[in-house]
Amino acid sequence: MDSIVIEGGVPLRGEIQIHGAKNAALLLQCAALLAQGTTTLRHVPLLSDVRTMNRLLTHLGCRVEGERTLAIDTSGVAEGPLSAPYELVKTMRASVTVMGPLLARYGRARVSLPGGCAIGARPIDQHLKGLAALGAEIELDHGYVVARAKRLTGANFVFDKVTVGGTQNVMMAATLARGTTVLENAAREPEVQELAIVLNKMGARIRGAGTSVIEIEGVDELHPVDHAILPDRIEAGTYAVAAIITGGDVLLRDAPVDHMHAVLAKLEEAGAELRVEPAGLRVRSSGTLRPIDVSTRPHPGFPTDMQAQIMVLASCAPGRSVISETIFENRFMHVPELLRMGADVTVNGSTAVVRGPTRYLGTTVMATDLRASASLVLAGLVAEGRTEIRRVYHLDRGYEAVERKLAPLGARITRYHDARA
Ligand code: EPZ
């Protein structure tokens, strides 16, 4: 397993190219199943999660070619068993969002229940309830969801709670249903909006994506598209924190500023200087950091995927910051590792009290989940001495070549393959 070693203390200067959004790419890979023929996705991030989704699409009978530009040919899908096996779903839970497209297009799907993950139980009850509302017959069979539908029928459905994947799964299914579907209490994330934009390019009739009420008028078929994926707001937010805490000056090329208002507001509150430029977002520290209170919320609130990263920023500021995680029940896995590097964080249920400024000291730490590992990289960038982060496969799920993006800005960062851990 790879590890990454960082010698901290260098202000980052230069520019970073922000790549396509992971959480858009994965869903657009699923959406390709809704059309017969070859869908082309561009600006695809080179991530292990994207490769896992490609393995699933291939397993389903697709022919997948390319990496940054991905061509997904669905011509060979109809005959297959249309199952998403445990080994793949366990690796990447976003696999469950093939269910909606398979049901809509082929009338059947057999998808492993994802099980929990490091950050929480993450059930899919809302996905299943929404698909059942469209007329799908759903049954559980030895850890698998078996879903069938001759043809889905449009319906009105209110989510019991806001779910990004649930909204996307049911929205995709509704595109080929007979009649109109209205989803209420829908997720408003930019990746939901991006999916609706692409589905409409494929011939769907969706209105209201980005609000909590989405209306989908069913059509008979969708056609393949060629689409360039929007940049990753979480990757951009992560590197913005790196620029601020190292006292650097970084241009985040193509950063999707319009989808980052909550994050940018908090960064400015914490003492960042932000400037929107034609090429992207320029980020530097004002030299004085201030404590901040953050509560994660569904979009357009502060994203849970930036919680671990903003905690490191807060820990670098003098004073007391309070961070509440309201989306997932176990998303403070980064705290024990940050404590080992010298942070002062007290967790009480879903709230963490952070006291700073922290004098981070390098040591060996273990990555546990995607965004937790990003926070360890951030702490390593400001720590005195050498930080070794082990099990960076967690990081590689959502961040493309971190060491290659940071080294040109002055970071002393090296990846070791097949490290000891
Ligand atoms: C998406 O996960 C993202 N993943 C996550 O990003 C992100 O953290 C999350 O949305 C919240 O923004 C992808 O887009 C691939 P949810 P998703 O359904 O769709 C509960 C990352 O770091 N829930 O919005 O799985 C669930 O347990 C990843 O890039 C139900 O109870 O998240 C959670 O507490 C991590 N029943 C809350 O809702 C359901 O049927 C939000 O989950 C579905 C969800």
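Positions are given from 1, in the same order as the sequence printed here. Numbering of ligands and ligand atoms starts at 1, following listing order.
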(request) Any atoms of ligand 1 less than 4.0 Å from a non-hydrogen atom of Lys22? List them with their elements. (result) 21 (C), 29 (O)
(request) Do me a favour and list the nearest non-hydrogen protein atom to atom 32 (O) of ligand 1 with residue, atom name and distance? (result) Phe328 CZ, 4.1 Å
(request) Could you tell me whether Arg415 and Asp396 make a salt bridge, using a distance below 4.0 angstrom between a side-chain N and a carboxylate O? (result) yes
(message) I'd like to know if the side chain of Glu268 reaches the main chain of Ala270, judged simply by a donor and an acceptor atom lying under 3.5 Å from each other, with no hydrogens or angles considered.
(response) no
(message) Just to be sure I'm reading this right: ignoring hydrogens, which of Gly120, Gly166, Pro123 gets closest to atom 44 (C) of ligand 1? Compare them by their nearest heavy atoms.
(response) Pro123
(request) List the steps and the verdict of salt bridge (Lys or Arg N to Asp or Glu O under 4.0 Å) for Arg331 and Asp305. (result) CA-CA 9 Å; Arg331 204 170 196 178; Asp305 292 350; 2.7 Å; yes
(request) Could you find the nearest protein heavy atom to atom 40 (O) of ligand 1 and give me its residue, atom name and distance? (result) Gln126 N, 2.7 Å
(message) Looking only at protein heavy atoms, which one is nearest to atom 27 (O) of ligand 1, and what is the separation?
(response) Arg122 CA, 3.3 Å
(request) If you have a sec, work out which protein heavy atom is nearest atom 35 (C) of ligand 1 and how many Å separate them, to one decimal? (result) Arg331 NH2, 3.6 Å
(message) To check your reading of the model: name the closest protein heavy atom to atom 19 (O) of ligand 1, its residue, and the distance in Å.
(response) Gly165 N, 2.7 Å
(message) Please classify the Thr163 to ligand 1 contact at 4.0 Å (heavy-atom distances, strictly less than): side chain, backbone, both or neither.
(response) both
(message) Is the contact between Lys161 and ligand 1 made by the side chain, the backbone, both, or neither, using heavy atoms and a 4.0 Å cut-off?
(response) side chain
(message) Quick test: of every protein heavy atom, which one is nearest to atom 41 (C) of ligand 1, and how far off is it to 0.1 Å?
(response) Ile327 CG2, 3.7 Å
(request) Write out the residue and atom name of the closest protein heavy atom to atom 3 (C) of ligand 1, then the distance separating them to 0.1 Å. (result) Asn23 ND2, 3.6 Å
(request) Report yes if Ala94 has an N/O atom closer than 3.5 Å to an N/O atom of ligand 1; otherwise report no. (result) no
(message) For a quick check under 3.5 Å, do Thr180 and Glu215 share a side-chain donor-acceptor pair by atom type?
(response) no
(message) Can a donor-acceptor pair be found, under 3.5 Å and without considering hydrogens, that links the side chain of Gln29 to the backbone of Val50?
(response) yes
(message) Pairs of nitrogen or oxygen atoms closer than 3.5 Å, one from Arg371 and one from ligand 1: do any exist?
(response) yes
(message) So does Met92 get a backbone contact from the side chain of Asp49, meaning a donor-acceptor N/O pair under 3.5 Å?
(response) no
(request) Look at Arg148 together with Glu137 and state whether they make a salt bridge at an N to O cut-off of under 4.0 Å. (result) no
(request) Answer yes when Glu235 and Lys22 have at least one side-chain N-carboxylate O distance shorter than 4.0 Å, and no when they do not. (result) no
(message) Salt bridge or not between Arg390 and Glu337? Use side-chain N to carboxylate O under 4.0 Å.
(response) no
(message) Please report whether ligand 1 has a polar contact with Thr304, defined as an N or O pair separated by less than 3.5 Å (distance criterion only).
(response) no
(message) With a cutoff of 4.0 Å, is Gly398 in contact with ligand 1, counting heavy atoms of the residue only?
(response) no
(message) Considering both backbone and side-chain atoms of Glu329, is one of its nitrogen or oxygen atoms within less than 3.5 Å of a nitrogen or oxygen in ligand 1?
(response) no
(message) Side chain, backbone, both or neither: which applies to Ile234 and ligand 1 if a contact is any heavy-atom pair less than 4.0 Å apart?
(response) neither
(message) Donor-acceptor pair, distance only, cut-off 3.5 Å: does the side chain of Gln168 make one with the backbone of Leu195?
(response) no
(request) Record the part of Glu325 in heavy-atom contact with ligand 1 below 4.0 Å; permitted values are side chain, backbone, both and neither. (result) neither
(message) Could you measure the distance from the CE atom of Met172 to the CG atom of Leu28? Nearest 0.5 Å is fine.
(response) 9.0 Å
(request) Kindly say whether Thr58 contributes a backbone atom to a donor-acceptor pair with the side chain of Arg63 at under 3.5 angstrom? (result) no
(message) With a 4.5 Å cut-off on side-chain heavy atoms, are Leu102 and Arg108 touching?
(response) no
(message) Students should be able to answer this: which protein heavy-atom is nearest to atom 6 (O) of ligand 1, and at what distance?
(response) Asp305 OD2, 3.0 Å
(request) Decide whether an N or O pair under 3.5 Å exists between Val164 and ligand 1. (result) yes
(request) Heavy-atom distances under 4.0 Å are what count here, so tell me which part of Gln168 touches ligand 1: side chain, backbone, both or neither. (result) neither
